[in-house]
Each structure stands twice: as C-alpha cells, then as structure tokens.
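In what follows, a single structure is set out as structure tokens and then discussed.
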Amino acid sequence: MSLEDWLNTRWYPKQGGRRALYLLAPLEMLYRQLIGRRRARLARTPPPPLPAPVIVVGNITVGGAGKTPLVAELARWLKERGRNPGIVSRGYGGRAKRYPYQVTAQSHPLESGDEPLMLHLISGVPVMVSPNRTEAARALIDYHQCNVILSDDGLQHYNLWRSLEICVVDGLRGLGNGHLLPCGPLREPETRLRTVDIVVSNGEPGSGVRQQCGDLLDFQMTLEPSCWHQFNLDQTSTLRLLSGPEPGPCHGVAAIGNPQRFFRALRQLGFKVMEQPFADHHQFSPQELHFDGKTPVIMTMKDAVKCRDFWQSHWWALEVRAKLPDLFYQKVHRHLQQFSDDEK
C-alpha cells in the first residue's frame with residue numbers, strides 16, 4: 001500500500017483506522033501555526049491588485065475535488081460571452097527551463113505539467129504556468145490581452161491577488177475527518193469556507209458533507225461525460241468523437257486525486273471496469289499500459305496528455321464537463337460587471 005492510500009484510509013471517517021494519526025498531532029499543530037502566520041502576513045501586506053478580474057478556483061483539501069473541470073467550463077462560458085480569458089497554473093509535475101511558461105499544443109507535460117496542457121487542449125484559451133502565479137497572470141494580460149484570469153488551484157497561493165474565490169468540495173468525501181495535514185486532508189481549517197465567495201459541491205452532498213458545510217454550500221456541480229478523444233498521428237491534437245468504445249470490459253486508467261470517481265462514471269456508462277489506479281500526476285511508461293490484447297483502455301484527459309507519445313488505437317480518453325445551475329453563472333456575471341464598474 002502506498003503512503004497516499006494509507007493516509008486516505010485514515011483521513012476519511014467511514015474507513016476507520018485513524019488511531020495511528022494521533023502521533024502526528026504535533027505536526028498538525030505546527031502546520032496550523034504556519035497557516036496562521038501566512039494569513040496574518042497577508043492581512044498586513046495584501047498583494048497589489050491586477051488590471052483584470054482574477055477568479056481563483058481551488059479547494060481546501062488535498063486530492064481531486066473537481067476544480068480543473070470547473071476552470072475549463074468557466075473558460076468556455078467566458079469565451080462564449082465575448083470575453084478573452086486566460087488560465088494560470090502552478091504546473092505541478094512540470095519543470096520548464098524558464099518561467100512564465102506558455103503552454104502550447106506541442107508542450108510536453110514534463111515541462112508544462114499535465115493539467116495545464118489538458119486545459120489548453122480542451123479549452124483553446126492561453127495557459128501560462130509559473131510558481132509565481134502573479135507573474136503568469138501579468139504575462140497573460142500583457143501578451144494576450146486577457147481580460148479575465150482563471151487560476152486553476154491557488155486558493156492557498158496568497159501572493160496572487162484575487163477578486164473572486166470559488167472553493168470546490170467533494171460531495172461524497174467532504175472534508176474528511178476535519179483535521180489539518182498530516183492528521184487529515186485539510187490544507188486550511190474548515191472556517192476558510194466562510195471567507196470564500198462561492199462554495200461548490202462536486203456531486204450530491206452526502207449527510208457528512210451537509211453536516212460539515214451546512215448552509216455554506218452555494219451550488220451543486222455534476223461532472224458529465226462530454227465526448228471521447230483519440231490522439232491524431234501528429235500527437236499534438238485530438239480527434240473529438242461523440243461515441244467511443246462499445247460498453248463492455250475495459251481497463252480504466254486514472255492517475256487523479258480520486259480515481260474511484262472516474263471508475264464510477266465508466267460503470268454508469270455501462271462498462272465493466274478493470275481498475276488501474278495510479279498516484280496523482282503519475283508519469284506513465286508504455287509498459288504500464290500494456291494489458292491484455294485489444295481490450296479498450298479508457299483514461300482521463302489529464303492522463304491521456306501524458307501518453308500521447310506512445311498512443312495506441314484501442315486507447316480512449318473521456319472528457320467530462322462541469323454542469324452548474326444558471327444561478328452560479330449569474331453570480332459570476334454580476335461579479336465581472338461589478339469589477340468593470342469599479343474600474344471606471
């Protein structure tokens with residue numbers, strides 16, 4: 001069992017086995033103190049505002065909550081309404097030679113990171129990567145004239161000024177046992193939810209999530225299969241298909257924060273899934289994906305961009321889209337209008 005699996009079985013209440021975490025309580029206390037100091041420093045010296053609204057989409061737990069699909073959907077929505085959005089990201093897992101790094105279709109995920117490359121391919125908007133997200137945002141404004149900046153993750157990146165904060169909560173797993181790292185999955189205390197502008201539940205919130213978040217939950221989001229992808233021969237573009245492999249046995253590959261969510265989605269489409277979970281952001285080798293014969297291999301778009309150099313004809317990538325109520329977009333629209341009015 002990997003360290004990630006070991007922790008997950010203890011972080012989430014239904015799975016028990018949490019006594020071993022008591023030994024980590026001093027580290028949790030130290031982590032809490034560090035967070036408090038960072039917040040106090042932010043209150044004393046807030047970052048300077050940028051000339052465009054900055055919408056940060058993040059979470060307060062480690063692991064996947066669904067923030068990246070929401071960023072992609074916001075980018076589409078903004079483009080449809082005549083805006084020129086750009087996306088900034090830390091580019092976890094990538095090591096570019098210099099920053100800020102502009103993501104292109106030819107980028108390698110070892111340079112850009114897997115999520116920024118995926119976001120650029122499916123949204124078509126400019127994506128800029130840098131450990132310094134403010135630097136990345138300024139580059140988008142200066143070189144691409146972006147008039148809305150979306151930050152994929154970065155809720156805890158306090159050096160980035162933001163005009164709107166959206167926190168995504170996993171509707172099934174919630175906030176786990178409610179403890180901060182390393183005793184629990186929380187990057188920040190639960191009280192952080194009271195300071196963000198919008199709280200989105202990814203999926204129908206269970207009773208545990210309702211108890212933890214209560215009336216702080218503003219909107220429910222669902223992730224729905226949108227289309228299928230296979231990489232073209234040039235390996236830098238994908239062929240979008242409305243239909244994919246016939247439902248039946250398949251190998252489900254997921255190197256994301258919560259692989260079970262992806263496997264459940266495949267089962268709902270009628271597939272009999274042979275689960276192949278990997279650690280989040282795992283870099284694949286061809287040998288790891290050579291299973292039995294020509295049984296379809298279905299993976300997330302985030303994983304597919306890391307496999308395009310050795311893509312096989314019986315491999316498929318499933319794109320999911322975030323679906324949210326109209327009231328969510330109305331609230332974002334009002335914020336953008338208010339920002340424009342304040343700038344005049």
Side-chain angles (χ1 to χ4, degrees), residues 2 4-5 8 62-73 87 89-95 103 105-123 127 129 152-153 170 202 223-232 235-241 244-245 249-269 271 273-292 294-322:
S2 68
E4 182 180 9
D5 292 337
N8 276 319
V62 297
K67 56 187 180 298
T68 301
L70 178 52
V71 170
E73 195 58 34
I87 298 172
S89 172
R90 168 64 181 86
Y92 186 86
R95 292 187 177 182
V103 181
Q106 290 74 35
S107 294
H108 196 282
L110 289 178
E111 291 183 326
S112 64
D114 49 19
E115 289 172 344
L117 180 55
M118 178 198 73
L119 281 168
H120 176 66
L121 289 177
I122 66 176
S123 72
V127 179
V129 170
D152 181 31
D153 207 357
D170 188 314
N202 180 10
L223 299 181
E224 300 179 3
S226 170
C227 61
W228 296 87
H229 291 256
Q230 285 193 318
F231 276 97
N232 292 316
Q235 296 180 328
T236 62
S237 62
T238 65
L239 182 65
R240 289 175 180 255
L241 301 166
C250 76
H251 293 280
V253 173
I256 58 178
N258 185 3
Q260 291 302 320
R261 182 189 293 122
F262 182 66
F263 299 147
R264 284 195 300 272
L266 293 181
R267 290 191 180 94
Q268 289 171 358
L269 292 174
F271 291 96
V273 183
M274 290 173 274
E275 298 181 3
Q276 310 291 346
F278 293 83
D280 197 11
H281 300 287
H282 178 76
Q283 294 293 330
F284 294 97
S285 66
Q287 294 75 22
E288 290 174 313
L289 300 180
H290 284 170
F291 305 116
D292 54 315
K294 293 298 181 180
T295 301
V297 175
I298 305 177
M299 61 187 76
T300 69
M301 281 297 295
K302 173 181 166 180
D303 295 319
V305 299
K306 295 178 288 189
C307 304
R308 61 185 185 177
D309 291 342
F310 43 89
W311 192 259
Q312 301 291 315
S313 60
H314 63 291
W315 295 0
W316 300 81
L318 179 61
E319 179 183 345
V320 296
R321 288 189 61 172

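- Q106 places no side-chain N or O within 3.5 Å of a backbone atom of T236 that could act as its donor or acceptor partner.
- Q235 contributes a side-chain N or O that, together with a main-chain N or O of R308, makes up a donor-acceptor pair within less than 3.5 Å.
- Side-chain atoms of L119 and S89, non-hydrogen and from C-beta on, never get closer than 4.5 Å to each other.
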(message) Pair V320, F262 - check side-chain contact (heavy atoms from CB on, under 4.5 Å), show working.
(response) CA-CA 10 Å; V320 296; F262 182 66; 5.7 Å; no
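- Counting only heavy atoms from C-beta outward, the side chains of V71 and E115 never approach each other to under 4.5 Å.
- Using a cutoff of 4.0 Å between basic side-chain nitrogens and carboxylate oxygens, R267 and E275 are scored as salt-bridged.
- Between H251 and M274 there is a side-chain heavy-atom pair separated by less than 4.5 Å.
- Considering V253, V273, N258 as possible partners of F263, the one that fulfils the side-chain contact (heavy atoms from CB on, under 4.5 Å) test is V273.
- Under the 4.5 Å side-chain criterion, counting only non-hydrogen atoms from C-beta, D153 is not in contact with R90.
- Considering only heavy atoms from C-beta on, M299 stays 4.5 Å or farther from V305 through its side chain.
- At least one donor-acceptor pair closer than 3.5 Å links the side chain of K306 to the backbone N or O of H282.
- Atom CZ of F310 sits in a crowded spot, with more than 12 heavy atoms from other residues, nucleotides or ligands closer than 6.0 Å.
- Atom CG in D309 sits 13.5 Å away from atom CZ in F284 (nearest 0.5 Å).
- Checking side-chain atoms of N202 against main-chain N and O of A65 turns up a donor-acceptor pair under 3.5 Å.
- Looking only at side-chain heavy atoms (C-beta outward), T68 and K302 stay at 4.5 Å or farther from each other.
- Between D152 and K67 there is a side-chain heavy-atom pair separated by less than 4.5 Å.
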(request) I would like to know whether R261 and L223 meet side-chain contact (heavy atoms from CB on, under 4.5 Å); could you show each step before the answer? (result) CA-CA 10 Å; R261 182 189 293 122; L223 299 181; 4.2 Å; yes
(message) Would E288 and Q276 count as a side-chain contact (heavy atoms from CB on, under 4.5 Å) here? Give the steps.
(response) CA-CA 10 Å; E288 290 174 313; Q276 310 291 346; over 6 Å; no
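- Atom CZ of R95 and atom CG of L110 lie 10.0 Å apart (nearest 0.5 Å).
- Looking at L318 and L269, their side chains come closer than 4.5 Å, going by heavy atoms from C-beta outward.
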